[in-house]
Amino acid sequence: MQNFPAIEINNLSKTYINNKKTTEALKDINFNVKQGEIFGLLGPNGAGKSTFINILAGTVIKTNGNIKVWNYDLDLNPREVRSSIGIVPQEINLDPFFTPQKLLEIQAGMYGVPSKDRITEKILEITMLTNKANAYARSLSGGMKRRLLVAKALVHRPPILILDEPTAGVDVELRQNLLENIKELNKIGITIILTTHYLEEAQSLCDRIAIINNGKLIALDRTEDLLEKISTKKVSFRVKSHTNIGEKLKNGLRINYSKNDIISIIYNKKDHQIEEIISEVKEKKVEILDILTEDADLEDVFLKLTKNEN
Ligand code: ADP
């Protein structure tokens, strides 16, 4: 295997223009995905994740920038780019009257894979669908349907698999199962890129994580380094309503106001102690009715990273 990145993204931008309304969905994005890694692309709704995937898939045209997929330039070699990636969509779009075997054969035909090069049986095996090969798709469970989508994306043997929110709407047990499948695919050498808005999921699976927010890449790191950086906690205080104690605590932490009577503070466990924060809030002469601490969720992490940026 030659030593080029699986994907190279340089100065990628996308602006949608609809009825005179312009939306900058991606703003000067730069990053590489290495061969053989599991790479997570995280971001809240509207961050630009689908736009990114659709550009790779060829269904959205980029505004600016250069993209190489498996060393093929998207502008010069769009067909080679397309054959280097398999995309597993979020929506289940299977013809209910075909069997997995038939669906895979049709898909292989669409990609022009000659019969002798088809690996239908192997794919059914990898996705654990061998014993459902001849069952109607409509009779498959939710988890099996997801696996069949993965199987479809593999028929042309792409070195890169892109999964768009693979576990959206999937229950906990199936989710675990699906994550294991993804790991197995990676073990046989497939580079994996997945989008998600669950930090936990990316955390358990990805070698590296990129975070995009508002079309901008705001973080990219090895998972463990990123988690270290964002080891944030959130403490919320229920106070007497309409309390306004300013924008910041004495130690510089920002005070967020949510509902009328809730204020919250996001802090890094490494830098601050809960006792210190409580006493600083008390110093503001505010009447505290209740205190709740929790691990910051992804939204908070975005908030923090975006703030740090400025
Ligand atoms: P995500 O997948 O992270 O939720 P999207 O890529 O779907 O984000 O959207 C990024 C931004 O681009 C959003 O503001 C969205 O409204 C806008 N957008 C997405 N698709 C289109 C489109 N076809 N036309 C106009 N704006 C779009």
Side-chain angles (χ1 to χ4, degrees), residues 6-33 38-67 69 74-75 78 81-82 85-93 146 149-150 153 160-170 175 178-179 182 191-206 208-221 223 226 230 296-310:
I7 294 193
E8 288 181 70
I9 309 291
N10 287 304
N11 308 109
L12 176 65
S13 302
K14 172 65 191 178
T15 306
Y16 291 104
I17 304 175
N18 280 339
N19 302 326
K20 293 184 189 149
K21 185 174 173 284
T22 61
T23 309
E24 281 187 83
L26 294 175
K27 302 171 188 164
D28 198 24
I29 302 277
N30 292 282
F31 66 85
N32 288 354
V33 176
I38 304 186
F39 186 93
L41 187 61
L42 266 79
N45 280 333
K49 304 183 296 296
S50 310
T51 298
F52 175 72
I53 291 185
N54 292 337
I55 290 173
L56 289 180
T59 56
V60 166
I61 308 292
K62 64 186 165 60
T63 307
N64 263 313
N66 290 303
I67 296 180
V69 175
L74 179 64
D75 296 325
V81 166
R82 217 163 66 90
I85 48 183
I87 296 190
V88 183
Q90 209 178 106
E91 300 293 324
I92 293 184
N93 55 351
R146 293 261 165 192
L149 290 179
V150 174
I160 304 168
L161 193 66
I162 300 182
L163 300 117
D164 189 9
E165 301 270 352
T167 61
V170 172
R175 177 174 296 190
L178 215 53
L179 298 182
I182 295 173
T191 302
I192 309 271
I193 299 174
L194 67 112
T195 69
T196 178
H197 49 256
Y198 300 111
L199 181 60
E200 226 171 277
E201 188 166 299
Q203 199 169 316
S204 68
L205 207 58
C206 299
R208 289 194 304 151
I209 295 178
I211 299 184
I212 56 172
N213 189 27
N214 254 323
K216 276 200 195 159
L217 185 72
I218 58 171
L220 169 59
D221 233 320
T223 304
L226 188 76
I230 58 180
D297 61 21
L298 200 50
E299 296 296 329
D300 301 322
V301 170
F302 291 135
L303 210 67
K304 185 160 180 285
L305 288 169
T306 342
K307 292 251 164 64
N308 283 352
E309 212 192 22
N310 299 326

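Residue numbers count from 1 along this sequence. In each ligand, atom 1 is the first atom listed, and ligand 1 is the first ligand listed.
- The closest side-chain donor-acceptor pair between Asp164 and Thr195 falls under 3.5 angstrom.
- When side chains are defined from C-beta on, Asn93 counts as touching Leu149, because their heavy atoms get closer than 4.5 Å.
- Residues Leu220 and Phe39 form a side-chain contact, since some pair of their non-hydrogen atoms from C-beta on lies under 4.5 Å apart.
- The side chain to side chain donor-acceptor pair (under 3.5 Å) with Thr167 is formed by just one residue from the set Glu201, Arg146, Gln90; it is Glu201.
- Contact of the Glu165 side chain with the Ser50 side chain is not registered, since no non-hydrogen atoms from C-beta on lie closer than 4.5 Å.
- Contact check for Asn64 versus Asn11: no side-chain heavy atoms found under the 4.5 Å cut-off.
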When you check ligand 1 against the protein, what N or O pairs turn up below 3.5 Å? List the atom names and distances, or just say none.
| from | atom 1 | to | atom 2 | distance (Å) |
| --- | --- | --- | --- | --- |
| ligand 1 | 2 (O) | Ser50 | N | 2.8 |
| ligand 1 | 2 (O) | Ser50 | OG | 2.5 |
| ligand 1 | 3 (O) | Ala47 | N | 3.1 |
| ligand 1 | 3 (O) | Gly48 | N | 2.9 |
| ligand 1 | 3 (O) | Lys49 | N | 2.9 |
| ligand 1 | 3 (O) | Lys49 | NZ | 3.0 |
| ligand 1 | 4 (O) | Gly46 | N | 2.6 |
| ligand 1 | 6 (O) | Thr51 | N | 2.9 |
| ligand 1 | 6 (O) | Thr51 | OG1 | 2.6 |
| ligand 1 | 8 (O) | Gly48 | N | 3.0 |
| ligand 1 | 24 (N) | Asn18 | ND2 | 2.9 |

